[in-house]
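Computation of the quantities below employed the complete heavy-atom set of this structure, encompassing side-chain atoms and omitting hydrogens, waters and symmetry-equivalent molecules. Numbers for residues simply follow the sequence, beginning at 1. Please read all numbers here as calculations on a predicted model, not as lab measurements.
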Amino acid sequence: MSQPYMPITGIDTHAHIFSRDLPLTENRRYSPDYDALVESYLAHLEHCGLSHGVLVQPSFLGTNNNFMVGALRVYPERLRGTAVVDPEVSDAELNELEKAGVVGVRLNLVGLPLEDYSQPRWQTFFKKMADRNWSVEIQRAMEDLCLIVPTLLDAGVNVVIDHFGLPAGCIDPETPEHQAFLSLLPDSAIWVKLSATYRSKASLEQATQMVDILRNAYGHSDQLLWGSDWPHTRFEDQTDYDAQFSIMTSLLPDALERRKVLVDNPARLFKFKP
């Protein structure tokens with residue numbers, strides 16, 4: 001049964017759900033000892049006056065997206081999903097994911113050797129994503145983004161960058177690798193999530209500078225997104241949902257720009273009904 005339509009007051013584009021009894025991947029960097037359930041997540045949204053969210057498959061669950069898909073099917077009007085799949089995934093599996101509300105895939109490349117993403121297996125995969133108008137989300141340190149992103153853009157996909165691009169502290173336009181990434185932003189299909197400053201050990205002042213740098217590089221804020229990164233895995237004792245929402249309001253003090261980042265931009269990218 002579909003849920004009643006809910007007007008969009010704000011979209012959190014980055015959160016994870018899981019339970020501690022799910023099978024975990026072998027080479028994981030983290031193992032949860034608690035449950036992060038969709039009902040708890042929706043309660044956080046409502047407490048902060050937000051209406052919709054995007055669930056991102058956590059890397060420690062690998063390509064078994066069933067737990068996330070189950071939540072998407074219960075709340076089809078309020079939630080969308082970003083899955084983790086094998087590049088040789090079948091069209092049948094992609095069809096099932098799409099039917100459930102998945103609108104993108106994630107490549108968590110932290111700690112992994114970089115592959116040649118111009119190779120046919122990857123280009124075929126990215127072309128499948130482009131044909132479905134799905135996004136490809138990248139988590140990798142900013143120093144390496146200019147080695148990855150151009151090949152995705154060549155395939156015609158929307159590229160979503162996690163957590164400000166994971167700079168160490170702050171984006172530095174004088175650093176060649178940072179400048180190379182920033183130079184890609186104008187007139188491109190790159191979207192950046194203003195999320196998880198704690199993963200870069202960035203202060204509020206540094207995060208404010210990064211928003212200015214990104215806005216200036218784009219020439220607008222039409223491709224900026226916000227995500228809570230709930231439940232803040234590995235940083236649970238350092239922050240919480242309310243704190244992350246408060247940081248967002250500090251980073252985006254202008255109400256019109258905040259609405260753009262919270263409503264207009266993510267609704268367009270993640271296929272929420274206006």
- Does any non-hydrogen side-chain atom of Gln179 lie less than 4.5 Å from one of Phe181? no
- Query: If every non-hydrogen atom of Ser118 is compared with every non-hydrogen atom of Gln123, which pair is closest and at what distance?
  - Reply: O-CG, 3.4 Å
- Message: Would you say that Phe60 contacts Leu22 through its side chain, given a criterion of any heavy-atom pair below 4.5 Å between the two side chains?
- Response: no
- For Gln209 and Asp172, indicate whether the former's side chain and the latter's backbone hold a donor-acceptor pair under 3.5 Å. no
- Task: Indicate whether the side chain of Arg132 and that of Asn95 have a donor and an acceptor atom separated by less than 3.5 Å.
- Result: yes
- Message: Are there over 12 heavy-atom neighbours, none belonging to Arg199, within less than 6.0 Å of that residue's CZ?
- Response: yes
- Query: Are more than 12 heavy atoms from other residues, nucleotides or ligands located less than 6.0 Å from atom CG of Asp187?
  - Reply: no
- Taking it one step at a time, do Asn158 and Trp191 satisfy side chain to side chain donor-acceptor pair (under 3.5 Å)? CA-CA 7 Å; Asn158 282 298; Trp191 305 68; 3.0 Å; yes
- Item | Arg215 bridged to Asp212 by N-O distance under 4.0 Å | yes
- Note on the structure: Checking Val157, Val85, Asp86 against Phe125 for side chain to side chain contact (heavy atoms under 4.5 Å, CB included), the one that qualifies is Val85
- Assign the ring pair Tyr241 / His44 to parallel, tilted or perpendicular, where the plane angle (0 to 90°) is split at 30° and 60°. parallel
- Query: How many angstroms lie between CG in Leu185 and CG in Leu224, if you round to the nearest 0.5 Å?
  - Reply: 9.0 Å
- Task: Taking salt bridge (Lys or Arg N to Asp or Glu O under 4.0 Å) as the test, write out the residues that go with Asp12, two or more places apart.
- Result: none
- Message: Surrounding NE2 of His47 (heavy atoms of other residues, nucleotides or ligands, distance under 6.0 Å), is the total greater than 12?
- Response: no
- Message: So does Val110 get a backbone contact from the side chain of Asn108, meaning a donor-acceptor N/O pair under 3.5 Å?
- Response: yes
- Non-hydrogen atoms of Leu37 and Phe18 that approach each other most closely: CD2-O, 3.9 Å
- Message: With a 4.5 Å cut-off on side-chain heavy atoms, are Ser221 and Leu252 touching?
- Response: no
- Item | Asp144 and Arg140 ion-paired at < 4.0 Å | yes
- Item | Of Pro58, Ser228, Ser59, the residue whose pairing with His16 passes side chain to side chain contact (heavy atoms under 4.5 Å, CB included) | Pro58
- Query: So, are Lys128 and Asp91 salt-bridged, with charged N and O less than 4.0 Å apart?
  - Reply: yes
- Message: With a sphere of 6.0 Å drawn around CG of Asn27, does it hold more than 12 non-hydrogen atoms of other residues, nucleotides or ligands?
- Response: no
- Linked, directly or transitively: Tyr198 and Leu251 (ILVMFWY side chains, under 4.5 Å): no
- Task: For Thr13 and Trp226, indicate whether the former's side chain and the latter's backbone hold a donor-acceptor pair under 3.5 Å.
- Result: yes
- Task: Report yes or no: does Gln223 contribute a side-chain atom to a donor-acceptor pair with the main-chain N or O of Ser188 at less than 3.5 Å?
- Result: yes
- Item | Exam field: side chain Ser40 to backbone Ala36, donor-acceptor pair closer than 3.5 Å | no
- For Leu79 against Ala71, the heavy-atom pair lying closest together: CD1-O, 4.1 Å
- Could you tell me whether Asp35 and Arg20 have a side-chain N and a carboxylate O separated by less than 4.0 Å? yes
- Message: If I compare all heavy atoms of Phe270 with all of Ser135, which pair ends up nearest, and what's the gap?
- Response: CE2-OG, 4.1 Å
- Decide yes or no on salt bridge (Lys or Arg N to Asp or Glu O under 4.0 Å) for Glu257 and Lys260, but give the supporting numbers first. CA-CA 5 Å; Glu257 184 176 54; Lys260 185 181 291 187; over 6 Å; no
- Answer yes or no: is there a donor N or O on one side and an acceptor on the other, between the side chain of Gln206 and the main chain of Ser203, under 3.5 Å? yes
- Item | Arg28 side chain to Ser31 side chain, donor-acceptor N/O pair below 3.5 angstrom | yes
- Item | Worked verdict on Leu24 versus Leu61 for side-chain contact (heavy atoms from CB on, under 4.5 Å) | CA-CA 5 Å; Leu24 305 178; Leu61 294 183; 3.7 Å; yes
- Task: Evaluate side chain to side chain donor-acceptor pair (under 3.5 Å) for His163 paired with Ser195, printing each intermediate quantity in order.
- Result: CA-CA 5 Å; His163 310 328; Ser195 56; 2.7 Å; yes
- Within 6.0 Å of CD in Glu205, more than 12 heavy atoms from elsewhere: no
- Message: Taking the basic N atoms (NZ, or NE/NH1/NH2) and the acidic carboxylate oxygens, is any pair closer than 4.0 Å for Asp264 and Arg268?
- Response: no
- Message: Keeping Thr249 on the side-chain end and Ser246 on the backbone end, is there a donor-acceptor pair under 3.5 Å?
- Response: yes
- side chain to side chain contact (heavy atoms under 4.5 Å, CB included) with Leu97: of Val89, Val102, Val103, Leu72, only one passes, and it is Val102
- Task: For Ser51, enumerate each residue passing the side chain to side chain contact (heavy atoms under 4.5 Å, CB included) test, keeping only those at least two apart in sequence or located in another chain.
- Result: Met6, Ile8, Thr9
- Smallest heavy-atom separation, Gln119 atom then Asp116 atom, equals NE2-OD2, 2.9 Å
- Message: Can you confirm whether Lys193 sits close enough to Ile161 that some side-chain heavy atom of one is under 4.5 Å from a side-chain heavy atom of the other?
- Response: no
- Message: I'd like to check Lys99 versus Arg73 (side-chain heavy atoms, cut-off strictly below 4.5 Å). Are they in contact?
- Response: no
- Query: Do Phe126 and Leu114 belong to the same hydrophobic cluster, where Ile, Leu, Val, Met, Phe, Trp and Tyr are linked whenever their side-chain heavy atoms lie under 4.5 Å apart, directly or via other members?
  - Reply: yes
- Task: Drop me the distance from Cys48's SG to Asp242's CG, to the nearest 0.5 angstrom.
- Result: 4.5 Å
- Heavy-atom donor-acceptor pair, Ser90 side chain to Glu93 backbone, under 3.5 Å: yes
- Message: Hydrophobic clusters here meaning ILVMFWY residues chained together by side-chain heavy-atom distances under 4.5 Å, can you tell me if Phe164 and Leu166 are in one?
- Response: no
- Same cluster (ILVMFWY, side-chain, under 4.5 Å), Leu145 and Val211: yes
- Answer yes or no: is there a side-chain heavy-atom contact under 4.5 Å between Leu262 and Ile11? no
- Task: Evaluate the salt bridge (Lys or Arg N to Asp or Glu O under 4.0 Å) criterion for residues Arg258 and Asp254: first the C-alpha distance (whole Å), next the side-chain angles of each, then the deciding distance (0.1 Å), finally the verdict.
- Result: CA-CA 6 Å; Arg258 188 162 63 245; Asp254 180 79; over 6 Å; no
- Taking side chain as C-beta onward, heavy atoms only, is Pro23 less than 4.5 Å from Asn64? yes
- Query: Quick one: does Tyr218's side chain have a donor or acceptor within less than 3.5 Å of a partner on Ile190's backbone?
  - Reply: yes
- Query: Do you see a donor-acceptor pair shorter than 3.5 Å between the side chains of His178 and Glu143?
  - Reply: yes
- Message: Go through it in stages, so that I can follow the logic: the residues are Trp122 and Glu115, the test is side chain to side chain donor-acceptor pair (under 3.5 Å), and I'd like the CA-CA distance, side-chain angles, deciding distance and then a yes or no.
- Response: CA-CA 9 Å; Trp122 283 108; Glu115 296 191 38; 2.8 Å; yes
- Cluster overlap Val69 with Val84, hydrophobic side-chain contacts below 4.5 Å: no
- Any donor-acceptor pair under 3.5 Å linking the side chain of Gln57 with the backbone of Met68? no
- Minimum-distance pair of heavy atoms, taken over all atoms of Asp229 and Ala196: OD2-CB, 3.5 Å
- Taking the side chain as C-beta and beyond, is there a heavy-atom pair between Leu225 and Leu194 under 4.5 Å? no
